[in-house]
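Quick notes on the structure that follows.
A, B, ... follow the sequence lines: proteins, then strands. Residue 1 opens every chain. Just so it is clear, the structure is predicted and the values come from calculations on it, not from any experiment.
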There are 4 protein chains.
Amino acid sequence: MLPEGRSRRSGDGRRDLTAIAISCFARYGYQGTSIDRIAREAGVTKGAIYHHFRSKEDLLAAAVMDRIGEFETRVQSACRAAAPDESLRRIAEVCAQHATSEDRPRFAIKLMVESIETNDPVVEEMRGMMRRFRAFLRNIIRAGQDGALFRADADADALAALFTSAVIGAETQFYLDPKRFSLEHTLETFVDQMLDNLRLAGAAQAREGGAIRD
Amino acid sequence: MLPEGRSRRSGDGRRDLTAIAISCFARYGYQGTSIDRIAREAGVTKGAIYHHFRSKEDLLAAAVMDRIGEFETRVQSACRAAAPDESLRRIAEVCAQHATSEDRPRFAIKLMVESIETNDPVVEEMRGMMRRFRAFLRNIIRAGQDGALFRADADADALAALFTSAVIGAETQFYLDPKRFSLEHTLETFVDQMLDNLRLAGAAQAREGGAIRD
Amino acid sequence: MLPEGRSRRSGDGRRDLTAIAISCFARYGYQGTSIDRIAREAGVTKGAIYHHFRSKEDLLAAAVMDRIGEFETRVQSACRAAAPDESLRRIAEVCAQHATSEDRPRFAIKLMVESIETNDPVVEEMRGMMRRFRAFLRNIIRAGQDGALFRADADADALAALFTSAVIGAETQFYLDPKRFSLEHTLETFVDQMLDNLRLAGAAQAREGGAIRD
Amino acid sequence: MLPEGRSRRSGDGRRDLTAIAISCFARYGYQGTSIDRIAREAGVTKGAIYHHFRSKEDLLAAAVMDRIGEFETRVQSACRAAAPDESLRRIAEVCAQHATSEDRPRFAIKLMVESIETNDPVVEEMRGMMRRFRAFLRNIIRAGQDGALFRADADADALAALFTSAVIGAETQFYLDPKRFSLEHTLETFVDQMLDNLRLAGAAQAREGGAIRD
DNA sequence: TATGAATGAGCGTTCATTCAT
DNA sequence: TATGAATGAACGCTCATTCAT
């Protein structure tokens with residue numbers, strides 16, 4: 001009779017369940033989320049979940065894929081047609097928004113940390129995403145070097161790893177202590193610092209007022 | 001008869017159990033570690049654990065206090081009698097060593113992330129440690145500013161938050177993908193970058209031009 | 001295939017489990033009955049019990065409600081259309097039967113005594129039942145007084161409390177020492193004595209003066 | 001140094017522990033009382049208890065013996081040199097006092113009911129006490145019959161059983177619902193009723209001041 | 001006479017999963 | 001497509017008991 005009794009139902013059971021699972025995993029972690037809880041929040045029975053997913057891990061995998069895809073799409077579209085320095089700035093902004101948005105936060109951090117030291121296929125997925133993210137950043141930096149915007153002697157790999165570190169570490173601190181930790185300000189500070197160091201002498205000298213460096 | 005039948009036993013049951021619990025929590029997280037597993041690794045029965053600790057949470061609290069104390073001691077003693085810039089460099093080194101040492105790693109990261117969004121007293125403990133760490137870093141930076149070593153217009157609070165972010169984020173990536181992520185190099189890159197930006201023009205030149213340093 | 005594999009199964013899992021729980025609680029008390037035992041006697045696993053009841057206390061509550069309802073129904077229907085003196089006699093008989101029947105006995109006594117000094121909602125339920133039972137008896141006595149069958153100066157409240165005491169105390173002794181304690185004879189003696197004292201002089205003399213009775 | 005650090009210590013460890021055990025068993029029942037609790041309330045360790053008693057059951061036996069002895073002494077001394085009717089009245093008073101006194105109540109009722117259907121030697125003890133109590137009452141009634149104070153055709157055995165029932169049932173209700181059940185009044189009502197029925201016609205009239213009653 | 005560490009069995013409960021309908 | 005009954009293993013925890021000191 002009533003096609004919509006509960007909340008968050010779209011008619012595509014699998015998709016709805018994935019969304020609710022993401023929300024639960026983000027809040028309680030993978031181990032802290034029971035199939036029962038997901039079923040309850042979705043307004044269905046446990047059996048329905050096992051109709052759509054072979055196991056809890058399978059549901060997790062679907063959730064992780066969904067989020068990774070969405071994150072990568074957002075990052076890429078944020079950089080479209082932007083100069084390298086502007087791209088770095090925008091990526092930091094996207095990460096900050098992503099972390100403070102209503103229903104997404106914590107998912108990646110929680111899952112990434114929780115799956116450390118396990119061998120699930122889902123860990124491989126997350127490792128892959130991190131590698132792709134670092135490679136993406138590195139390519140931006142290299143593009144800046146190729147375009148004579150950034151110093152040619154900078155270690156693009158190390159800077160990409162560092163950028164990623166700043167994002168992850170700032171997110172983590174923000175989740176732990178949101179009242180005392182400013183995620184945006186921290187990432188802004190980071191990008192400023194990195195660009196200061198990356199930009200060619202002319203720009204750098206302008207700011208530092210000095211001559212010789214490198 | 002045999003004072004040492006199993007592994008890792010020192011005669012102080014409570015202390016041994018705390019050490020083993022830390023090791024388990026670091027590997028599998030709090031929820032992922034069963035009391036049974038700790039008991040098995042310690043070579044005792046579950047009952048023995050409950051003889052020393054009132055609950056699993058109590059054991060966790062003991063483990064957290066132990067590690068926090070040890071970490072803070074190491075950081076402080078690494079900075080003793082060092083100049084501000086050298087202090088920052090040494091703290092990064094301590095963090096890298098701490099993260100790659102045999103039986104300690106992952107504990108703080110795992111627990112910090114896992115306890116996000118809960119209200120256990122242990123979370124408060126971790127929040128406190130993070131705040132103290134940031135305050136410690138900020139004071140070092142301010143000391144550098146007061147001693148005319150660092151630029152006076154730098155935002156010490158933001159830089160302290162950023163330093164902490166870099167450490168946490170680099171640790172996290174290292175744990176997830178140790179073969180492809182160089183923790184030491186990332187943190188070294190970070191400290192170089194930060195000191196470059198912090199140091200006054202004259203000092204920076206002095207250092208990189210060679211000679212005087214230390 | 002086989003609709004009836006084990007013992008005492010009706011197809012209504014919840015109802016069956018309640019019946020078996022009553023039987024166990026009656027024999028071993030609440031604390032003395034493990035969920036495992038109930039499951040074993042029901043021929044299911046513990047999990048099945050937790051599918052139907054949220055907790056052991058919930059199962060107890062269901063059991064208590066079931067018995068209270070059944071007892072009150074029996075008492076009321078035994079009194080239907082009977083004169084007050086006859087009602088008292090019949091209630092005593094119902095209590096005696098109730099106490100000596102195959103699968104019911106001891107449940108109320110065990111639970112009542114065991115739950116003394118606790119504050120569970122189930123205790124409130126039992127207190128309520130006792131109060132209702134005493135009120136029911138008191139109303140019967142008052143009806144006898146109103147109908148000039150019983151002495152008007154008798155304390156109906158005290159006699160109702162006393163009647164209840166005799167039933168409970170006789171049941172208790174019977175359960176402890178069934179070979180040496182005659183439940184029926186004790187309650188019969190009690191009702192005789194009470195009616196002797198309650199009945200108006202004329203009626204009493206008729207009985208004791210000999211003749212008619214029997 | 002300090003021979004008396006805690007509460008309730010007399011120097012006789014076994015006796016102290018018995019007293020505390022009685023208090024615990026009375027409050028929580030046998031199954032509901034852990035050795036740990038008794039030890040804690042006594043201010044000693046569990047080992048100390050096992051030094052004095054071979055097992056929990058052994059401790060229970062000691063507690064039961066202690067209470068039975070004390071109760072029987074009180075009942076007997078209450079009847080010393082009293083006429084049969086007065087004896088019955090005093091026994092009811094002793095029972096009421098016993099049940100409402102500070103540290104004794106509930107013990108007998110709790111244990112008696114809890115041990116129903118078990119075969120512990122302690123049950124035999126309680127059965128024995130109940131039998132002796134009924135025999136004691138029966139002998140008092142017979143003495144009244146022999147002294148022409150009570151009707152010769154009364155069933156002394158049944159009346160003794162009934163007296164005991166009233167006491168146990170009134171105690172039970174009182175413990176369950178002390179605010180709404182008057183133990184003293186109920187037992188007084190009972191003794192009045194029983195003596196009214198027992199006393200010879202002449203005596204009864206003598207007591208109530210004559211013939212006319214109602 | 002007492003302690004305190006430790007055991008081992010058991011308890012109430014949770015949970016991922018299966019399956020007949 | 002979904003339900004709901006049921007399983008079985010594991011979990012955090014309790015407790016009577018033992019034993020070296």
To the nearest angstrom, how far is [X] atom [atom1] from [N] atom [atom2]?
X	N	atom1	atom2	answer
C:Arg37	E:dA9	CZ	C1'	16 Å
B:Phe53	E:dA6	CZ	P	11 Å
A:Asp16	F:dT1	CG	P	12 Å
D:Asp58	F:dA16	CG	C1'	13 Å

Which residue pairs satisfy the side chain to side chain donor-acceptor pair (under 3.5 Å) criterion with at least one member in residues 51-67 of chain A, sequence neighbours excluded?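 Every side chain to side chain donor-acceptor pair (under 3.5 Å) pair that includes a residue of residues 51-67 of chain A, provided the two are not neighbours, is A:Arg67-A:Glu70.
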Taking 4.0 Å as the cut-off, does a side-chain nitrogen or oxygen of B:His52 come that near to OP1 or OP2 on E:dA6? yes
I want to check one thing: is the phosphate of F:dA5, taken as OP1 and OP2, less than 4.0 Å away from some side-chain N or O of C:His51?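 Answer yes for this pair, as a side-chain N or O of C:His51 is under 4.0 Å from OP1 or OP2.
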Check: A:Arg27/A:Ser23 side-chain N/O donor and acceptor closer than 3.5 Å: yes
How about B:Thr118 and B:Asp120: does a side-chain donor come under 3.5 Å of a side-chain acceptor?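 B:Thr118 vs B:Asp120: donor-acceptor pair found between side chains.
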Is a side-chain donor or acceptor of D:Ser115 paired with a backbone partner of D:Val123 at a separation under 3.5 angstrom?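 Between the backbone of D:Val123 and the side chain of D:Ser115 there is no qualifying donor-acceptor contact (under 3.5 Å).
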Non-hydrogen atoms of B:Ile35 and B:Lys46 that approach each other most closely: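 That closest heavy-atom pairing would be CG2-CG, 3.7 Å.
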For A:Leu111 and A:Tyr30, work out which heavy atoms get closest and say how close. CD1-CB, 4.1 Å
Here's a test of your reading of the structure: between B:Ala48 and D:Ile49, which maps to the more 5' nucleotide of DNA chain E?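 The residue whose closest nucleotide sits nearer the 5' end is D:Ile49.
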What verdict does the side chain to side chain contact (heavy atoms under 4.5 Å, CB included) test give for B:Ile38 and B:Val44, after you've listed the backbone C-alpha separation in whole Å, the side-chain angles of each residue and the deciding distance to 0.1 Å? CA-CA 9 Å; B:Ile38 297 171; B:Val44 298; over 6 Å; no
Quick one, C:Thr18 and C:Phe53 - any side-chain contact, counting heavy atoms below 4.5 Å?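 C:Thr18 reaches C:Phe53 side chain to side chain.
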Annotated protein contacts, base or backbone, on nucleotides 13-21 of chain E with a non-hydrogen cut-off under 4.0 Å, one of B, S, - each: BBSBBB---
Want to know the stems of DNA chain F: at least 3 consecutive Watson-Crick or G-U pairs with distances under 3.5 Å, which are they? E:2-21 with F:2-21
Nearest 0.5 Å, what's the OH-CD distance between B:Tyr28 and A:Glu117?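 Here the interatomic distance stands at 7.0 Å.
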Could you check which of E:dT7, F:dA6, F:dT7 has an atom nearest any side-chain atom of C:Thr45? F:dT7
